[in-house]
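Here is the structure we will look at, set down as structure tokens.
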Amino acid sequence: MMNPEGLGAYQQSQNHAQAASASPHRLIQMLLEGLLDNLSRARGYMERGQIADKGMTITKCLDILNGLSSVLDEQKGGDVTQELFRLYDYCGRRLFEANIQNDVAAIDEVSHLIREILEGWVVLKPDRVQVANED
């Protein structure tokens with residue numbers, strides 16, 4: 001049986017391999033899925049009182065939100081892009097509050113919002129999606 005460190009390393013290498021061959025549309029989907037996974041982990045750490053792990057995991061969530069914001073293209077996205085900027089910013093502020101106040105409800109709120117974005121993203125046609133740095 002594989003030890004937890006070995007399993008983590010294997011999963012990370014699998015994620016890197018998937019990301020290397022993914023389309024821009026799939027990469028965004030992977031980021032949203034990773035954000036949901038980390039939100040779930042942060043919630044569990046919070047419930048178990050694992051403060052350091054909770055803080056590190058919420059920091060990962062904030063990093064993913066920043067990554068999602070950085071690929072938005074204001075020139076091509078119009079109003080939708082502005083709304084996503086605002087939504088990602090709101091989610092970041094709620095996560096910051098959740099971390100300080102140990103607020104499970106705030107994590108649940110962000111999870112719900114991100115799940116809705118992911119559901120919408122999955123049904124988008126990849127040929128209609130344009131992200132920054134893509135010509």
Side-chain angles (χ1 to χ4, degrees):
M1 187 141 143
M2 193 177 287
N3 67 27
E5 292 83 19
L7 180 59
Y10 173 76
Q11 288 172 331
Q12 188 173 12
S13 70
Q14 290 297 100
N15 289 342
H16 287 293
Q18 287 177 2
S21 63
S23 68
H25 182 265
R26 178 67 182 126
L27 286 173
I28 299 300
Q29 183 177 342
M30 290 172 69
L31 285 170
L32 291 168
E33 291 167 348
L35 179 53
L36 286 171
D37 288 344
N38 279 292
L39 287 167
S40 178
R41 268 190 219 101
R43 186 182 201 285
Y45 291 140
M46 189 178 288
E47 291 175 333
R48 291 187 298 276
Q50 294 174 274
I51 303 304
D53 290 330
K54 172 202 69 167
M56 287 188 301
T57 306
I58 288 178
T59 297
K60 285 181 187 177
C61 292
L62 294 169
D63 289 344
I64 293 170
L65 283 170
N66 286 333
L68 288 164
S69 289
S70 73
V71 298
L72 293 173
D73 189 336
E74 293 180 68
Q75 301 295 321
K76 297 176 184 174
D79 291 341
V80 172
T81 299
Q82 288 304 314
E83 291 302 316
L84 283 171
F85 270 127
R86 283 195 273 279
L87 187 58
Y88 292 150
D89 180 64
Y90 174 77
C91 288
R93 285 185 280 121
R94 290 296 287 151
L95 288 178
F96 184 75
E97 293 167 4
N99 194 24
I100 291 172
Q101 300 169 359
N102 283 316
D103 185 357
V104 172
I107 295 214
D108 290 344
E109 178 186 3
V110 172
S111 294
H112 174 76
L113 292 169
I114 297 302
R115 201 169 292 110
E116 285 187 11
I117 293 170
L118 177 59
E119 288 170 5
W121 187 256
V122 169
V123 298
L124 277 176
K125 301 287 185 231
D127 59 338
R128 295 181 54 210
V129 176
Q130 295 181 341
V131 294
N133 302 323
E134 184 181 78
D135 293 324

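- In this structure, CZ in R26 is found 10.0 Å from CG in L31, a value given to the nearest 0.5 Å.
- A side-chain hydrogen bond (donor to acceptor under 3.5 Å, both in side chains) with E97 is found for exactly one of R93, Q101, R94, namely R94.
- In this structure, the side chain of S40 does not engage the main chain of L36 through any donor-acceptor pair within 3.5 Å.
- Note: L68 CG to F85 CZ = 11.0 Å, rounded to the nearest 0.5 Å.
- Transitive grouping of hydrophobic side chains (ILVMFWY, heavy atoms separated by less than 4.5 Å) brings V71 and V122 into a common cluster.
- Here the shortest heavy-atom pairing between A42 and T57 reads N-CG2, 3.7 Å.
- The hydrophobic clustering, which links ILVMFWY residues whose side-chain heavy atoms are closer than 4.5 Å, places L95 and Y45 apart.
- Connection of Y90 to I114 is established within a shared hydrophobic cluster, with ILVMFWY side chains joined at heavy-atom distances below 4.5 Å, either directly or through further cluster members.
- One finds the CZ atom of R48 at 11.0 Å from the CZ atom of R43 (value rounded to the nearest 0.5 Å).
- Under the 4.5 Å side-chain heavy-atom criterion for Ile, Leu, Val, Met, Phe, Trp and Tyr, M46 and I100 are members of distinct hydrophobic clusters.
- Residues V104 and L35 are members of one and the same hydrophobic cluster, defined by side-chain heavy-atom contacts under 4.5 angstrom among Ile, Leu, Val, Met, Phe, Trp and Tyr.
- Here the side chain of N38 pairs a donor or acceptor atom with the backbone of G34 at under 3.5 angstrom.
- Using a 4.5 Å heavy-atom threshold, the side chains of N102 and I51 count as touching.
- E33 is not listed as a side-chain neighbour of W121, based on a closest heavy-atom distance of 4.5 Å or more.
- Exactly one residue among I58, D108, I64, V110 makes a side-chain contact (heavy atoms from CB on, under 4.5 Å) with L39. That residue is V110.
- Rounding to the nearest 0.5 angstrom, the gap separating the CZ atom in F96 from the SG atom in C91 is 15.5 Å.
- Within the model, atoms CG of L32 and CZ of R115 stand 11.5 Å from one another, a figure rounded to the nearest 0.5 Å.
- A98 and I107 make their closest contact through CB-CG1, 3.8 Å (heavy atoms, listed as atom of the first residue, atom of the second, distance).
- Side-chain atoms of S69 do not come within 3.5 Å of backbone N or O of N66 as any donor-acceptor pair.
- Between atom CG of residue L87 and atom CG of residue L113 there is a gap of 5.5 Å, rounded to the nearest 0.5 Å.
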